[in-house]
2 protein chains.
Amino acid sequence: MIPQHQSKGKPRTFDREAVLKKALGVFWKRGYEPASIAELCEAMEINPPSVYAAFGNKAQLFMEAVNHYENVYWNDAWERLEDEPDVRKAMAGFFRDAAVILTSQDAPCGCMVVLGAANVSKDSQDVNDALKALREEGKECFLVRLKRGVADGEFSEGTDVDTLASTLNTMFHGMSIQARDGVSHEELERVAAVAMTLIPPAPVPPKRHSA
Amino acid sequence: MIPQHQSKGKPRTFDREAVLKKALGVFWKRGYEPASIAELCEAMEINPPSVYAAFGNKAQLFMEAVNHYENVYWNDAWERLEDEPDVRKAMAGFFRDAAVILTSQDAPCGCMVVLGAANVSKDSQDVNDALKALREEGKECFLVRLKRGVADGEFSEGTDVDTLASTLNTMFHGMSIQARDGVSHEELERVAAVAMTLIPPAPVPPKRHSA
DNA sequence: CAATAAGTGTATCGATCGCTACAGTAGATT
DNA sequence: AATCTACTGTAGCGATCGATACACTTATTG
């Protein structure tokens with residue numbers, strides 16, 4: 001992807017992706033602004049000039065960390081949401097995945113996209129705007145999946161999938177805060193399971209044993 | 001409540017509660033750490049020494065602002081949750097109230113208890129801990145109300161009200177983030193209405209016209 | 001081999017952070 | 001009126017913020 005050809009100067013002495021992961025850990029736990037360059041550098045085990053040479057500035061480092069975070073932790077979950085043909089199973093699977101991911105760290109962190117830049121000063125608004133765009137992408141994924149469910153006849157005609165997507169998205173965001181407040185994986189899974197009752201039943205029960 | 005007796009020195013030249021409200025506005029919009037003393041002072045129209053004389057330090061000012069926020073914006077909603085005898089109507093009412101409160105400001109802010117100290121550095125952890133305690137109080141209120149519903153026979157015996165309280169609390173927290181992301185009051189009310197489907201139906205339909 | 005170019009560590013930049021010393025002001029007490 | 005005491009504005013404290021200047025090192029290139 002990136003041209004490997006060794007250019008002239010001294011090559012860097014650290015693994016770019018490895019230190020990015022270290023930075024991700026700090027950003028995830030602290031959030032964008034409270035994560036100081038000093039703390040990041042200590043975790044990355046490199047000095048400020050190396051950070052700026054490799055990543056540009058703090059905001060760009062953060063956005064790369066977020067991107068890495070999404071790829072590593074969420075891509076599979078979003079894909080499974082698409083691949084599972086039964087919309088209810090798909091959603092239940094996604095929320096079960098979410099319960100796992102959100103409590104996967106040693107320290108309670110929640111979702112980096114949801115909480116990574118919740119409190120920012122005036123001059124870092126654009127960082128939160130970027131995350132907000134990602135949050136809206138998430139909602140859009142829910143909506144697209146639900147609309148497919150409608151097309152597949154899994155919902156009755158008049159179902160308000162827009163509001164349902166918004167509600168599931170709201171639930172998902174709330175789970176981030178629960179995770180950050182230290183709610184256990186087990187409880188978060190129970191919450192996720194209850195959240196599935198938000199999804200209305202199928203229009204016509206397709207083959208039951210009785211009734 | 002506070003001893004009115006004018007002590008000896010020069011009396012303060014500002015209204016303590018008025019400037020606290022101004023500070024609340026800044027804290028609500030920005031969060032704890034991004035709200036600088038400079039910005040707070042500008043909004044409060046007083047100078048740093050006056051702030052520290054009247055409120056102690058930034059953390060104490062914040063906690064007073066949070067306390068004021070709860071009293072002004074949420075006390076009534078929590079009281080209505082208790083006063084309404086029908087548990088389902090009570091919850092629906094609370095979430096409708098929440099949708100109003102969360103979108104009541106000019107700028108999208110969300111709930112100050114939920115998002116006011118989401119990102120804090122190492123030495124301000126105690127501020128977030130204090131808010132976390134308030135968040136847990138909220139969940140406890142949900143739980144107590146639901147348990148009363150069980151005692152009142154509004155839920156069937158085996159209903160897992162703990163998980164239900166947790167789920168409603170999660171929904172409530174998620175609504176904060178939606179509000180902060182600029183979701184309209186109308187949409188938030190629709191979300192709140194859908195959220196009510198989380199609550200299982202009454203065990204036996206108590207007097208219907210048919211069926 | 002020189003010449004060039006890029007990464008690295010040290011040491012620090014100006015700006016801002018929360019907070020306060022200090023002198024001056026103004027109301028209460030005597 | 002004299003004194004005491006608390007509030008106010010200015011000005012600046014030490015600490016930390018994100019970001020860099022600079023000298024040094026280490027690789028490629030000619």
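Just so you know, these numbers come straight off a predicted model, no measurement behind them. Protein chains get the first letters and strands the later ones, always in sequence-line order, with residue 1 at the start of each.
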Student: So, for A:S50 and A:F14, which heavy atoms are closest and what is the spacing to 0.1 Å?
Tutor: CB-CE2, 3.8 Å
Student: Of the nucleotides C:dG7, C:dC17, C:dC19, which one has an atom closest to the side chain of B:A38?
Tutor: C:dC17
Student: Please determine if a side-chain N or O atom of A:S36 lies less than 4.0 Å away from the OP1 or OP2 oxygen of D:dC17.
Tutor: yes
Student: Any salt bridge linking A:K29 with A:E39? Criterion: basic side-chain nitrogen under 4.0 Å from a carboxylate oxygen.
Tutor: no
Student: For the pair made of CZ in B:F14 and C1' in D:dA6, what is the distance, rounded to whole Å?
Tutor: 12 Å
Student: Whole angstrom is fine here: how far is it from CD in A:E33 over to P in C:dT16?
Tutor: 14 Å
Student: What is the separation between atom CZ on A:F55 and atom P on D:dA19, rounded to the nearest whole Å?
Tutor: 14 Å
Student: For C:dG18, does OP1 or OP2 lie under 4.0 Å from any side-chain N or O of B:K58?
Tutor: yes
Student: From D:dC7, C:dG7, D:dT20, pick the nucleotide closest to the side chain of B:R12?
Tutor: D:dC7
Student: Is B:T13 near enough to D:dC7 that one of its side-chain N or O atoms lies under 4.0 angstrom from OP1 or OP2?
Tutor: no
Student: Nearest to the side chain of B:K10, which nucleotide is it out of D:dA19, C:dG7, D:dA6?
Tutor: D:dA6
Student: So with a 6.0 Å cut-off around CD of B:E82, is the heavy-atom count from everything else above 12?
Tutor: no
Student: Where the side chain of B:I37 is concerned, which of C:dG18, D:dT26, C:dG27 is the nearest nucleotide?
Tutor: C:dG18
Student: How do A:A35 and B:S50 order along DNA chain D: which one's closest nucleotide is nearer the 5' end?
Tutor: B:S50
Student: For the pair made of CD in A:Q60 and C1' in D:dA19, what is the distance, rounded to whole Å?
Tutor: 13 Å
Student: Figure out the CD/P separation between A:E42 and D:dC17, and round it to whole Å.
Tutor: 12 Å
Student: Between B:K122 (NZ) and C:dC17 (C1'), how many Å, whole number?
Tutor: 17 Å
Student: Check the distance between D:dC7's P and B:R16's CZ and give it to me in whole angstrom.
Tutor: 11 Å
Student: Can you tell me if the side-chain N/O atoms of A:Y52 get under 4.0 Å from OP1 or OP2 in D:dA19?
Tutor: yes
Student: Less than 4.0 Å between a side-chain N and a carboxylate O, is that true for A:E140 and A:K147?
Tutor: no
Student: I want to verify a distance call: between D:dT10, D:dA19, C:dG7, whose nearest atom is closest to the B:N47 side chain?
Tutor: D:dT10
Student: Taking the nucleotide of DNA chain D with the closest heavy atom to each, which residue, A:P34 or A:P49, is nearer the 5' end?
Tutor: A:P34
Student: Decide, yes or no, whether a salt bridge links B:E187 with A:K139 under the criterion of side-chain N to carboxylate O below 4.0 Å.
Tutor: yes
Student: Let me know the distance between NZ of A:K8 and P of C:dG7, rounded to the nearest Å.
Tutor: 14 Å
